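Before any comments, here is the structure.
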Amino acid sequence: MKFYTRSSLLSVGFLMTALMLMSTSASACGGFFCQLVPINQAAEQIVFRQDGNQITAMVQIQFQGDSEDFSWVVPVPSTPVYEVGSNTAFTDLERVTRPQFNLMRTGSECAVPVFSPTSPRESADDGSTIETGGVVVESVQDVGGYVVTLISGDNAESISQWLIDNGYDLTAKGLELLAPYIEDGMKFVAVKLQQNRGIGSIQPLIMKYQSDKPVIPIRLTAVAALEDMGVLVWLLGDARAVPENYLHVTPNYTRLNWFSGTRNAYASYQALITDAMNEAGGQGFATDYAGRFNSLLSALTSTSDLEAQRARLSRSSDVEYLSLVQSFFQSAVVTDTLTNALPLQDGQSALNYFDRMFLINNYTGAELSAARISVDSILRTDVIAPLQASLDVLSGNRYLTRLYTTLSADEMTLDPAFVFNSDMGGQQLDRNATLDANCIEDRNHWTLKLGEGTGRSDEVVIDTIGPIPFIAPAIGQQASWKLEDTGQSGQPVVRLQRQFQVASLGSPGVIEITDSICVDVDGDGWGWDGANTCIPPVEVSETICVDSDGDGWGWTGTESCVVEAAPPMASDEIYTGLPCVDSDGDGWGWQQPPGQPSLGRSCVVASDD
């Protein structure tokens with residue numbers, strides 16, 4: 001039996017289990033409305049190691065719906081040869097190889113009251129309030145494991161915009177539901193909850209088999225795939241790993257949320273990758289990191305760390321041991337062993353095991369002693385040994401590549417294969433950008449310049465006047481910057497590399513500069529091409545040069561072009577008495593004869609206009 005058939009079936013089985021567990025977890029979400037934390041954990045995480053013709057694959061399935069953070073808004077009055085691997089290794093590996101987004105701020109911003117959900121919080125309410133856009137932030141407090149914000153206002157749109165701006169995924173239905181409570185004069189408690197990660201009882205599976213290249217058996221996964229399911233793959237070999245039959249995609253980092261902390265930036269990055277992959281036809285990978293792994297290996301949990309914890313527990317009594325073991329080893333395997341050895345009654349949960357009096361009052365000394373022996377055995381066989389097996393897969397000074405994509409069922413038509421390319425350079429973990437702001441007449445004039453790690457170092461991508469956002473501004477640009485074909489040798493072959501103009505934002509969400517395409521925002525028949533007012537063509541063709549402003553230059557849909565013949569010029573009389581409309585205050589305007597959409601010309605605004 002070939003490996004790919006068996007592993008594909010295993011993958012589907014794991015994913016179907018994940019879906020069942022997800023529905024249970026999601027149904028527990030309470031409150032007025034809730035959201036999963038913006039970080040979308042990959043549904044499939046896979047490590048491949050290639051040693052000659054031997055491939056070692058270590059597979060873990062993570063579940064959407066089991067995220068650590070939930071949010072609420074509540075009105076007041078979230079076969080080869082088999083071995084078992086470790087979830088801890090995956091958790092550590094994801095953490096130490098996750099892209100980091102660093103925004104350096106320079107200049108001097110205007111001093112205006114701003115509420116940021118990622119700013120430091122005081123543990124006690126000082127009684128002060130901040131009004132932002134018609135919403136009064138009455139208090140922000142740390143309450144146990146929650147961050148609780150009390151807001152009020154008299155306008156549903158203002159309240160909903162505040163929630164969106166501060167990381168709450170408010171849908172149109174949510175806006176509808178807010179209105180009646182606001183009309184009744186009620187306030188809103190916005191809660192972000194810190195919650196322990198629920199791993200489940202599934203452990204990663206390690207498989208060693210013969211093959212010339214790593215392949216993900218993704219096609220059968222489509223049977224139970226979630227929409228835009230994340231796939232995160234690490235590859236260890238002699239050089240940087242690249243997709244062989246999928247595109248290599250570099251995102252447009254202008255669209256990233258650089259403005260509200262690294263966690264939100266990474267969540268924004270995941271959404272950006274989804275959009276970029278959809279633009280690429282649904283079959284591509286982005287490189288999160290590529291470099292030598294030896295320097296990162298020491299940051300992973302070691303078996304000696306776990307043995308030290310086990311030794312500390314060994315000096316405890318049976319009751320102390322059983323009440324502490326879940327704290328020392330946060331593993332679903334330990335919890336499952338406890339519940340098997342010490343059955344619970346209706347209404348009880350594994351949390352009861354933390355209570356020493358509960359253990360004393362509900363179980364005999366013999367039962368507690370037997371449970372301790374079972375748990376200690378599981379620690380050695382199902383926790384510590386699997387961690388060592390996982391670390392063995394990751395050991396050695398190998399070159400590590402981390403690739404990420406999202407796929408929906410209809411895109412899972414081709415199993416992605418990977419090769420190792422020694423001609424390509426690395427990809428650093430850090431992505432850097434610089435925000436330079438200067439306060440001019442009580443308004444921020446600010447620029448965003450991309451830095452190292454983005455592929456566009458020192459490129460100014462936003463230059464605007466106005467408030468500095470908490471979320472990624474709407475700029476009307478594509479999510480993907482570069483699409484490439486990669487192989488076992490040589491440099492990538494560029495299929496597409498977009499050229500973006502510097503974006504300038506008016507009011508939040510209004511597009512002013514796009515990619516030199518005539519954009520009609522309000523549907524009145526007039527648009528803006530980034531430099532001039534224009535008439536949007538009915539259809540932009542890749543083979544027809546469309547000159548929307550009559551200057552002899554046009555747009556094919558992908559690049560600038562020269563028209564074959566200039567359009568006939570109208571006599572000056574037709575423009576007599578027409579106003580010169582300067583829409584952006586740069587001194588240049590546009591004259592348009594009524595009822596003559598094919599005519600129009602640039603003009604200079606008179607000094608007394």
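Note that the coordinates shown come from a computational prediction; the quantities given were computed from them, not determined experimentally. Start at 1 with the first residue, then count along the sequence.
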Got Tyr289 and Tyr404 here, is their nearest side-chain heavy-atom distance under 4.5 Å? no
Tell me if the centroids of the rings in Phe418 and Phe285 come within less than 6.0 Å of each other. yes
Using residues 433-440 as the side-chain source, report each donor-acceptor pair under 3.5 Å to any protein atom, sequence neighbours left out, with the distance given to one decimal.
| from | atom 1 | to | atom 2 | distance (Å) |
| --- | --- | --- | --- | --- |
| Asp436 | OD1 | Thr106 | OG1 | 2.6 |
| Asp436 | OD2 | Asn438 | ND2 | 3.2 |

Rounded to the nearest 0.5 Å, how far does CD1 of Ile46 lie from CG of Leu235? 9.0 Å
Hey, which of Thr486, Asn421, Thr287 is the one that makes side-chain hydrogen bond (donor to acceptor under 3.5 Å, both in side chains) with Arg240? Thr287
Going by an N to O cut-off under 4.0 Å, is there a salt bridge joining Arg431 and Glu452? no
Separation between CG of Leu256 and OG of Ser268, rounded to the nearest 0.5 Å: 4.0 Å
How close do Val460 and Val502 get, counting heavy atoms only, and between which atoms? O-CG2, 3.4 Å
May I ask you to say whether Arg498 pairs ionically with Glu279, meaning some side-chain N is under 4.0 Å from a carboxylate O? yes
Taking atom CE of Met229 and atom CD of Glu44, what is their separation to the nearest 0.5 Å? 4.5 Å
Could you walk me through whether Phe259 and Phe470 satisfy the ring-ring contact (aromatic ring centres under 6.0 Å, His included) test, starting with their C-alpha distance in whole Å, then the side-chain angles of each, then the deciding distance to 0.1 Å, before giving a yes or no? CA-CA 5 Å; Phe259 311 101; Phe470 285 119; 9.3 Å; no
Rounded to the nearest 0.5 Å, what's the gap from CD on Glu227 to CD on Glu411? Could you check? 7.5 Å
Using the rule given for side chain to side chain contact (heavy atoms under 4.5 Å, CB included), can you reason through Arg456 versus Thr254, listing the C-alpha separation, both sets of side-chain angles and the distance that settles it, and then say yes or no? CA-CA 10 Å; Arg456 297 159 67 186; Thr254 311; 3.7 Å; yes
On a heavy-atom basis, which atom in Pro214 and which in Gln50 lie closest, and how many Å separate them? CD-OE1, 3.6 Å
Search all heavy atoms of Gly490 against all heavy atoms of Asp423 and return the closest pair with its distance. N-OD2, 2.6 Å
Please check if any side-chain donor atom of Thr464 sits under 3.5 Å from a side-chain acceptor atom of Trp446, or the reverse. no
With a 4.5 Å heavy-atom cut-off, do Asn444 and Ile465 have their side chains touching? no
For Tyr269 and Asp288, does a side-chain donor sit closer than 3.5 Å to a side-chain acceptor? yes
At what distance, to the nearest 0.5 angstrom, does CG of Leu236 lie from CZ of Phe293? 7.0 Å
Between the side chains of Asn264 and Asn257, is a donor N or O closer than 3.5 angstrom to an acceptor N or O? no
Is Trp258 close to Leu450 at the side-chain level, that is, under 4.5 Å between some pair of heavy atoms? yes
May I ask you to establish whether Arg98 and Tyr266 are in a cation-pi arrangement, using a distance under 6.0 Å from NZ or CZ to the six-membered ring centre and at most 45° from the ring axis? yes
Quick one: pull up CE in Met58 and CG in Leu93 and give me the separation to the nearest 0.5 Å. 7.0 Å
